[in-house]
Amino acid sequence: MTNIDPTASSCEGPGPAPGLPLRPLGTGRAARRSRAALPPMPLGKRLFDIMLSFLLLAILWPVLLLTALVLLLAEGRPVFYLGERMCSPDRSFRQIKFRTMRVGADAVGGVTGGDKAASISPLHQLLRRTRADELPQLINVLKGEMSLVGPRPPMRSYVEAFPEIYTPVLQSRPGVTGLATLRFHQHEERLLASCRTHRETEAVYRRRCIPRKARLDLIYQQRRSLWLDLALVAETATKPFWRVHHRNQFPMPQQVVTAKVASGLPAGMAAPQPAPVPISPHPAE
């Protein structure tokens, strides 16, 4: 396994691997060739993704329609944000999300920290806090570009900067949710909320977030099963209520507790929290 040191002080990584073609998934014959190079997925996991995604779309389509209409009336076009993300070390795709930032605010690239807080409206904040902005990714799941559970799909710049980290992590199909998302996300948003410039946000994310999330992603990869996927999906369904109730009041499945212990955290504790800082919406992962 790749040795990942979350305490490393440098926020810089090696350059892109030489001769590694990076191209987006398209349509038709070229798309079929690209998908053939996607990370392998067990048949049971793929069937689980398809059936549950269809079920969720059948149940949640009124929510999707209403959210799109409210965004259109309140914020204008575009309603959706299509961001390039990596589904393998050498394949990209367009991740579909509801737009939760003013148009052009993401021109500088990178994740969302305190430096971009002014570009996020109260409606955008609501969508981010409830994770409703992630619902359109069910389409990515049905297309086979993502799974319901797995590592969050990284941006191209991070995969190029840290190939020694993302090459093993992206052996799993990227997911809408995952162990790292549930265990580290709140700590990550606190770290990034205090950043006031793009340079500071990038330094903190590269040095303090990427290695720790990768460690959790690799734990998931080793322990992956349909039961663990179901447990993580069920826990994700409670996520919008974490800001109303204390998250530790929710009982955690034993498999998730075991994974947390293996990551170095006590079974009954969440990730260590820094001193309180103003909370900004969660970063665009």
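Numbering starts at 1 and runs along the sequence shown.
- Across all their heavy atoms, S53 and V141 have their closest contact at OG-CG1, 3.2 Å.
- Distance alone, capped at 3.5 Å, is enough to place a donor-acceptor pair between the R99 side chain and the P78 backbone.
- Of all the heavy atoms in T197 and D115, the pair that sits closest is C-CB, 3.6 Å.
- For the pair P153/F93, a side-chain contact is recorded, criterion being any heavy-atom separation below 4.5 Å from C-beta on.
- If you take OG on S92 and CE on M155, they are separated by 13.5 Å, rounding to the nearest 0.5 Å.
- You'll find the side chain of P174 stays beyond 4.5 Å of the side chain of Q95, heavy atoms only.
- Follow the hydrophobic side-chain contacts under 4.5 Å out from L138 and you never reach W61; the two are in separate clusters.
- Atoms CG and CD1, from L218 and I165 in turn, are 9.5 Å apart once rounded to the nearest 0.5 Å.
- L126 and L64 are assigned to two separate hydrophobic clusters, defined by single-linkage of ILVMFWY side chains at heavy-atom distances under 4.5 Å.
- Looking at T130, L123, L127, L135 one by one, the single match for side chain to side chain contact (heavy atoms under 4.5 Å, CB included) with T67 turns out to be L127.
- Between the side chain of R152 and the backbone N or O of G175, at least one donor-acceptor pair lies under 3.5 Å.
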Criterion side-chain contact (heavy atoms from CB on, under 4.5 Å) on M86 and R91, from CA distance to verdict: CA-CA 6 Å; M86 306 302 290; R91 293 291 185 273; 5.8 Å; no

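- In the hydrophobic clustering of this structure, L148 groups with L60; members are Ile, Leu, Val, Met, Phe, Trp, Tyr whose side-chain heavy atoms approach within less than 4.5 Å, directly or through other members.
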Please assess E200 against R196 for the test salt bridge (Lys or Arg N to Asp or Glu O under 4.0 Å), listing each intermediate value before the final yes or no. CA-CA 7 Å; E200 183 183 1; R196 293 293 174 259; over 6 Å; no

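- Between the side chain of R173 and the backbone N or O of G144, at least one donor-acceptor pair lies under 3.5 Å.
- With salt bridges taken as basic N to acidic carboxylate O contacts below 4.0 Å, one links K97 and E134.
- Cluster membership check: V103 does not share its hydrophobic cluster with V70, using side-chain heavy-atom separations under 4.5 Å among Ile, Leu, Val, Met, Phe, Trp and Tyr.
- Under a hydrophobic clustering in which Ile, Leu, Val, Met, Phe, Trp and Tyr are joined whenever their side-chain heavy atoms come within less than 4.5 Å, directly or via other members, M41 and L170 fall into different clusters.
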Verdict with reasoning, H124 to S121, per side chain to side chain donor-acceptor pair (under 3.5 Å): CA-CA 5 Å; H124 293 157; S121 71; 3.2 Å; yes

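- Checked by atom type and distance alone, the side chain of T167 never pairs as donor or acceptor with a backbone atom of E164 at under 3.5 Å.
- Q137 places no side-chain N or O within donor-acceptor distance of the main-chain N or O of M146, the cut-off being under 3.5 Å.
- The two residues L232 and G178 make their nearest non-hydrogen contact at CD1-C, 4.4 Å.
- Looking at L65 and L69, their side chains never come closer than 4.5 Å, going by heavy atoms from C-beta outward.
- Of the possible donor and acceptor atoms, none in the side chain of D217 sits under 3.5 Å from a partner among the backbone N and O of L179.
- L191 approaches F184 most closely through the heavy-atom pair CD1-CZ, 4.4 Å.
- Counting heavy atoms from C-beta on, the side chains of V169 and Y220 never come closer than 4.5 Å.
- Rounded to the nearest 0.5 angstrom, E202 CD and S157 OG are separated by 6.0 Å.
- Formation of a donor-acceptor pair under 3.5 Å by the K45 side chain with backbone atoms of V149 is found in this model.
- Considering CG of N140 and CZ of R85, their distance stands at 10.5 Å, rounded to 0.5 Å.
- Residue pairs that meet the ring pair (Phe, Tyr, Trp, His ring centres under 6.0 Å) test with at least one member in residues 62-91, sequence neighbours left out, are F80-F98.
- The minimum heavy-atom distance between T112 and L192, with the atom names listed, is O-CD1, 3.8 Å.
- Side chains of Y166 and I210 form a contact here, defined as non-hydrogen atoms less than 4.5 Å apart.
- Two residues are said to be in side-chain contact when any heavy atoms from C-beta on lie closer than 4.5 Å; S172 and P39 fail this criterion.
- Although no hydrogens or angles enter the test, the distance criterion places a donor-acceptor pair under 3.5 Å between the side chain of R128 and the main chain of T100.
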Could you please spell out the steps behind the salt bridge (Lys or Arg N to Asp or Glu O under 4.0 Å) verdict for E189 and R129? CA-CA 11 Å; E189 70 177 4; R129 287 172 180 167; over 6 Å; no

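- Panel note: side chain R102, backbone A118; a donor-acceptor pair is recorded below 3.5 Å.
- Closest of all the heavy-atom pairs between R94 and L82 is NH1-O, 4.0 Å.
- L71 contributes atom CG, which lies 10.0 Å from atom CG of L66 (distance to the nearest 0.5 angstrom).
- A heavy-atom distance below 4.5 Å is not found between the side chains of R183 and I219.
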